[in-house]
J.: 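One structure coming up, written as structure tokens, with questions to follow.
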Amino acid sequence: MNESPYPLIAIQEAWRRIADALSPLAPRRLSLDDALGCVLAEDVTAEEDLPPFPASAMDGYAVVGGDPARTLRVVGELHAGSGEQLVVTTGQAARIMTGASLPRGADAVIPVEQTESLGDQVRLLTPVSAGQHVRPAGQDAARGDVLLDRGLALGAPEIGLLAALGRLEVLVHPRPRVAILATGDELIPPGGHLGPGQIRDSNSLALTAAVRAAGFSPISLGIVPDVKERLRDAILEGVANADMLLTSGGVSMGNRDYVKPLLAELGTVHFGRVATKPGKPLTFAHVKGVPVFGLPGFPVSSLVSFENFVRPALRLLAGHRRLWRPEVTALLAHDVAHAPDRTDFQRATLHRRDGRLWATTTGSQSSSRLKSLVGADALLRLLPSPETLKAGEAVDAILIGLPEGREEVIHAG
């Protein structure tokens, strides 16, 4: 009987080897347009006060706080960005719009609705104290403040703050480029006509979508038949043009499963089997300094392995500190049989009932049944045990999609 030369290792050991072998990609300066989702590789410090001048927080009148006069002469009008130079003293006011720089001498703003216009004069209907409705210089940030920390992922607010600081580019860990290669004599492109013994390749597009959905940059290498020399050339092309290579298929024990032997020939295989279902033949290697994941050929095995291993590994390469999907505890809505000897990741939908979260598996959990992932909210992590899990038992649920909670267009309350 043929036996794999690779020992079956626990998930935790597989991840220890991945973590030991990977580190974030070298930082690069990117424009703000290209930096969304990337991770900062430097602290970002304010080089000037924000705002750089005291500004009005309201539409109204700039005045001297505590001025005993109630009827003031209006000496001019200021709009945001006008740059007009005005001076206000006691007994005077300047019409001012939100965001405009306060005139010299003024230290407060009274909202327009608390005044009465009298032509070239204005009557104050309430007293005004110094600092009222004024954004002082440096209120948002003072020169020298560290505003964004190294290791922070850049979202819309961070990009906006960088723009406010006058930054055109920023030092970040770039998004990994991921080459994707499908293997197998039986595969044809999705639009092709099926011949005897052929199936359409779903893994290439599914993995491309998974990479893109995770925020990274896929590179399709297409389909390569089970021909050793052509596979070798494709693997070398992938590692020459990407930061990670994903292959699907060719990692089991068949006579034409060439991926593992080629990875061992061209580089270093860190592991070749993991005690997980689906995804047992998952392989992790390095070829010419580039990490390679050999994913199983079954569509579910490929995508679940991506979720559990590839996606967090890509986040590690991209410099993220948070690698893992969120998890919750859910109660089983029905009895669930599972693998007795491996950690079983079953696909499920989640729903709330009686204030608790319940999980319902998506039917047959066959590794070839891609529909078991369609609409799934979670992967249920079921630890090895010969016992069937009973309805009502608590399990860990990894949230692979965070569904909106309500269907109505408008929700009040």
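These values consider heavy atoms only, across backbone and side chains, with no hydrogens, waters or symmetry-generated copies. Residue numbers run from 1 in the order of the sequence given.
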J.: Can you check whether A275's main-chain N or O pairs, donor with acceptor, with K280's side chain at less than 3.5 Å?
T.: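 Absent.
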J.: Please report the C-alpha distance between D344 and R381 in whole Å, then the side-chain angles of each, then the deciding distance to 0.1 Å, and finally whether the salt bridge (charged side-chain N to carboxylate O under 4.0 Å, His left out) criterion is met.
T.: CA-CA 6 Å; D344 197 345; R381 185 195 294 113; over 6 Å; no
J.: Looking at H286 and T268, would you say the former's side chain and the latter's main chain have a donor-acceptor pair under 3.5 Å?
T.: no
J.: Under 4.0 Å between a side-chain nitrogen and a carboxylate oxygen: does that hold for R347 and D377?
T.: no
J.: Around atom CZ of R28, are there more than 12 heavy atoms from other residues, nucleotides or ligands closer than 6.0 Å?
T.: no
J.: Indicate the atoms forming the closest heavy-atom contact of T283 with G272, along with that distance.
T.: OG1-O, 3.7 Å
J.: I'd like to know whether CD of E47 has more than 12 heavy-atom contacts from other residues, nucleotides or ligands below 6.0 angstrom.
T.: no
J.: Does the pair R352 and L357 meet the rule for a side chain to side chain contact (heavy atoms under 4.5 Å, CB included), with working shown?
T.: CA-CA 5 Å; R352 286 200 174 276; L357 199 61; 3.8 Å; yes
J.: Would you mind checking if E13 and R16 are paired as a salt bridge, meaning a charged N to carboxylate O distance below 4.0 Å?
T.: yes
J.: In terms of heavy-atom contacts, does CZ of F216 have more than 12 from other residues, nucleotides or ligands at under 6.0 Å?
T.: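 Above 12, so yes.
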J.: Between S366 and S364, do the side chains contain a donor N or O and an acceptor N or O under 3.5 Å apart?
T.: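 Their side chains do not contain a donor-acceptor pair, so the 3.5 Å distance test is not met.
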J.: Could you check whether the rings of W324 and W15 sit parallel, tilted or perpendicular, using 30° and 60° as the cut-offs?
T.: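 Perpendicular.
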J.: Looking only at heavy atoms, which two atoms of T90 and V64 are closest? And how far apart?
T.: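 Nearest heavy atoms, T90 then V64: N-CG2, 4.0 Å.
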J.: Show the numbers, then the answer: is there a side-chain hydrogen bond (donor to acceptor under 3.5 Å, both in side chains) between T126 and Q114?
T.: CA-CA 6 Å; T126 62; Q114 296 175 10; 3.1 Å; yes
J.: Could you tell me which non-hydrogen atom of A46 sits nearest to which non-hydrogen atom of L147, and how far apart they are?
T.: CB-CD1, 3.9 Å
J.: Check for me whether R95 meets the cation-pi criterion with Y61, that is, NZ or CZ under 6.0 Å from the six-membered ring centre and within 45 degrees of the ring axis.
T.: yes
J.: Is the number of heavy atoms from other residues, nucleotides or ligands within 6.0 Å of CZ (R29) greater than 12?
T.: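 Yes, CZ of R29 has more than 12 neighbouring heavy atoms, counting only those of other groups under 6.0 Å.
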J.: Test L246 against V178 for side chain to side chain contact (heavy atoms under 4.5 Å, CB included), laying out the working first.
T.: CA-CA 7 Å; L246 305 182; V178 187; 3.6 Å; yes
J.: Would you sort out whether Q346 and V336 count as a side chain to side chain contact (heavy atoms under 4.5 Å, CB included), showing the intermediate values?
T.: CA-CA 9 Å; Q346 297 204 13; V336 174; 3.5 Å; yes
J.: For S305, run the side-chain contact (heavy atoms from CB on, under 4.5 Å) check against L282, V300, T276 and tell me which one passes.
T.: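 Among L282, V300, T276, the one that satisfies the side-chain contact (heavy atoms from CB on, under 4.5 Å) with S305 is L282.
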J.: Looking at R177 and D243, is any side-chain nitrogen of the basic one under 4.0 Å from a carboxylate oxygen of the acidic one?
T.: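 Salt bridge: yes.
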J.: Could you tell me which non-hydrogen atom of L350 sits nearest to which non-hydrogen atom of A359, and how far apart they are?
T.: CD2-CB, 3.7 Å
J.: Specify the closest pair of heavy atoms between A285 and V269, including all atoms of both residues, with the distance to one decimal.
T.: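 Minimum heavy-atom separation between A285 and V269: CB-CA, 3.8 Å.
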J.: Kindly say whether F309 contributes a backbone atom to a donor-acceptor pair with the side chain of R311 at under 3.5 angstrom?
T.: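 No.
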J.: Are the side chain of S82 and the backbone N or O of H79 linked by a donor-acceptor pair below 3.5 Å?
T.: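 Pair found, side chain donor or acceptor close to backbone of H79.
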J.: Can you check side chain to side chain contact (heavy atoms under 4.5 Å, CB included) on T361 and L380, steps first, answer last?
T.: CA-CA 9 Å; T361 62; L380 305 183; 4.2 Å; yes
